[in-house]
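The chains referred to below are lettered A, B, ... by the order of the sequence lines, with proteins before strands, and numbering in each begins at 1.
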Amino acid sequence: MDGIHDLGGRQGFGTINVHETEVPFHEPWEARVLGIVRAMSPAADWNIDWFRHCRELIEPVDYLTRPYFDQWVQTYAAMLVNSDIATVQELMGGQATSRPSGLRPPMSPADVSTAKRSERNFEREIKEPPVFKTGDSVRAKSHGVSGHTRLPAYVRGRRGRVEAFHGAHVFPDANARGEKRAEPLYTVGFDAAELWPEAKGRRDRVFLNLWESYLERD
Amino acid sequence: MTRHDSDIISHIHQDLHSHLPSEPALRLKALESLLVEKAMVDPKTVDAWVEVYSDEIGPKRGAQVVARAWVDPQFKARLLENGAAAVRELGFEGNHLRVVENTADTHNIVVCTLCSCYPIWLLGMSPNWYKMAAYRARVVRDPRGVLDEFGVGLTDEIQVRVWDSTAELRYLVLPQRPEGTEDWEESRLARLVTRNSMIGTERDLTGRIAEVV
């Protein structure tokens with residue numbers, strides 16, 4: 001969707017705080033948010049792309065101004081309400097008026113040592129062969145889609161070159177709707193000069209990982 | 001049952017905005033109490049995860065990978081070919097990793113313009129600036145300006161390669177080994193490697209030689 005989250009190339013944001021202290025968490029509550037998310041029994045039909053989409057839908061002013069982990073709190077709160085696991089009323093006071101059914105029991109402290117070593121795998125087997133091959137000239141589709149997508153606005157309609165093929169990966173646009181589908185995934189390289197007028201004459205390049213249906217042959 | 005409907009989520013966000021406590025720490029406290037009451041979270045498990053991300057998983061892991069690549073050319077070749085498989089040799093489990101190498105005439109820098117994807121399992125928690133709008137918006141368009149703010153000056157001859165983490169593939173920059181470290185042991189080399197050099201917001205590690213005994 002054409003949301004505030006799609007930030008690549010937007011101008012007017014000022015300088016970066018490069019002198020930030022290098023610590024894992026700047027406030028104790030931030031660490032707590034991450035811990036809760038990792039410890040929580042999720043609804044069976046939640047996934048990373050649904051989470052990302054729910055975060056993208058935070059009101060634009062909040063998205064740009066609220067601390068990162070506070071946005072996680074807001075996103076999970078919205079997901080809990082949407083899935084009928086909690087009500088806004090309950091989230092205001094922190095007291096439960098009902099218990100959800102059908103969720104798995106909470107993760108125990110003993111499970112953490114195994115869980116911390118298991119990273120998810122997003123590669124899937126599909127029957128169809130990939131349409132593009134390394135070296136192909138491609139163009140990113142001109143139009144975005146409503147709902148979740150991982151095709152950033154700044155490359156839409158621009159020409160790039162397929163640099164690598166990664167097999168088929170879970171397709172985020174479908175995954176965020178609860179549909180299981182995979183598509184070939186490619187690394188596509190774009191010349192900076194193709195993307196930005198001020199990069200004219202430079203050899204700099206920008207690489208993105210794009211799913212097959214985001215691309216057309218150039 | 002989850003309703004996968006953008007409009008419903010937007011309305012819930014508006015509702016939450018006007019009703020939840022305004023302090024982030026208070027909002028979180030209410031959420032945690034509620035999840036504990038609903039038997040969805042065991043607070044002791046939360047403590048255990050906090051410990052993992054505060055002490056155990058951090059940039060030292062990535063530094064270990066870089067140092068190994070500097071001393072072992074065959075490991076380096078495997079790392080550049082299939083990052084995830086190579087770092088598994090060091091005991092770090094992940095599935096989708098691409099390692100990109102800085103050379104005399106290329107500089108790599110990593111971003112996630114759409115959210116804040118980061119190789120947490122190798123580098124630990126990402127810096128705040130990595131998650132903020134300024135970095136995410138600017139680095140794909142003006143990488144040289146961003147690098148300049150980080151104190152990295154690049155000549156025109158050096159090609160900048162920006163990697164936007166739009167899928168589940170994560171990136172690790174392999175910085176250049178500074179001259180004058182030829183006789184260093186691997187563990188000492190690892191102490192030289194900074195988090196920012198593995199994101200690409202630092203380039204020359206020569207200045208750190210004096211700091212690493």
Next on the checklist: Can you tell me which portion of Leu208(A) sits under 4.5 Å from chain B's heavy atoms? Options are side chain, backbone, both or neither.
Outcome noted: both
Next on the checklist: Ignoring hydrogens and geometry beyond distance, is a side-chain donor-acceptor pair present between Tyr154(A) and Arg141(B) at under 3.5 Å?
Outcome noted: no
Item to check | Which portion of Trp211(A) sits near chain B, non-hydrogen atoms under 4.5 angstrom | outcome: side chain
Item to check | Heavy-atom side-chain contact between Glu56(A) and Leu114(B) under 4.5 Å | outcome: no
Item to check | Proximity breakdown for Ala78(A) and chain B, heavy-atom pairs closer than 4.5 Å | outcome: both
Checklist entry - Hey, does Pro109(A) have a side-chain heavy atom less than 4.5 Å from the side chain of Asp47(B)? => result no
Checklist entry - Excluding sequence neighbours, so at least two apart, what forms side-chain hydrogen bond (donor to acceptor under 3.5 Å, both in side chains) with Thr97(A)? => result Glu90(A)
Next on the checklist: Need one label for Ala115(A): side chain, backbone, both or neither, based on atoms under 4.5 Å from any heavy atom in chain B.
Outcome noted: both
Item to check | Nearest atoms (heavy-atom pairs only) where Ala77(A) meets Leu20(B) | outcome: CB-CD1, 4.5 Å
Item to check | side chain to side chain donor-acceptor pair (under 3.5 Å) partner of Asp204(A), the single match among Arg144(B), Arg161(B), Gln159(B), His107(B) | outcome: Arg144(B)
Checklist entry - Which answer fits Pro152(A), side chain, backbone, both or neither, if we ask what part of it has an atom under 4.5 Å from a heavy atom of chain B? => result both
Next on the checklist: Does any backbone or side-chain atom of Ile4(A) lie under 4.5 Å from a heavy atom of chain B? Answer side chain, backbone, both or neither.
Outcome noted: neither
Checklist entry - Which bit of Ile58(A) is near chain B, if near means a heavy-atom gap under 4.5 Å: side chain, backbone, both or neither? => result both
Checklist entry - For Leu195(A), is it the side chain, the backbone, both, or neither that has a heavy atom closer than 4.5 Å to a heavy atom of chain B? => result neither
Checklist entry - When rounded to the nearest 0.5 angstrom, what distance separates CG in Leu26(B) from CE in Met92(A)? => result 13.0 Å
Checklist entry - Ring centroid separation for His166(A) and His96(B), is it under 6.0 angstrom? => result no
Next on the checklist: For Arg120(A), which atoms come within 4.5 Å of any heavy atom of chain B: side chain, backbone, both, or neither?
Outcome noted: backbone
Checklist entry - Tell me, side chain or backbone of Glu22(A) under 4.5 Å from chain B's heavy atoms, or both, or neither? => result both
Checklist entry - At their closest point, which heavy atom of Pro106(A) faces which heavy atom of Ala39(B), and how far apart are they? => result CD-O, 3.2 Å
Next on the checklist: Is Asp62(A) close to chain B through its backbone or its side chain, or both, or neither, when contacts mean heavy atoms under 4.5 Å?
Outcome noted: side chain
Checklist entry - Does the distance from a Lys or Arg side-chain N to an Asp or Glu carboxylate O, for Glu56(B) and Lys116(A), drop under 4.0 Å? => result yes
Next on the checklist: If we ignore hydrogens and angles and just use 3.5 Å, is the side chain of Trp129(B) paired with the main-chain N or O of His19(A) as donor and acceptor?
Outcome noted: no
Next on the checklist: If I measure from the heavy atoms of chain B, does Phe190(A) come under 4.5 Å with its side chain, its backbone, both, or neither?
Outcome noted: neither
Checklist outcome for this item: Bottom line for Arg88(B): the part with an atom under 4.5 Å from chain A's heavy atoms is neither
Item to check | Heavy-atom side-chain proximity of Glu23(B) to Trp29(A) below 4.5 angstrom | outcome: no
Item to check | Residues of residues 48-55 of chain A within contact distance of chain B, non-hydrogen under 4.5 Å | outcome: Ile48(A), Trp50(A), Arg52(A), His53(A), Cys54(A), Arg55(A)
Checklist entry - Under a 4.5 Å heavy-atom cut-off, does chain A meet the side chain of Met40(B), its backbone, both or neither? => result both
Checklist entry - Relative to chain B, which segment of Gln71(A) carries a heavy atom at a distance below 4.5 Å: side chain, backbone, both, or neither? => result neither
Checklist entry - Backbone N or O of His4(B) within a donor-acceptor pair of the Arg177(A) side chain at under 3.5 Å? => result no
Checklist entry - For the residue pair Gly93(A) and Ala30(B), what are the closest heavy atoms and their distance? => result C-CB, 4.4 Å
Next on the checklist: With a 4.5 Å cut-off on side-chain heavy atoms, are Arg32(A) and Pro43(B) touching?
Outcome noted: yes
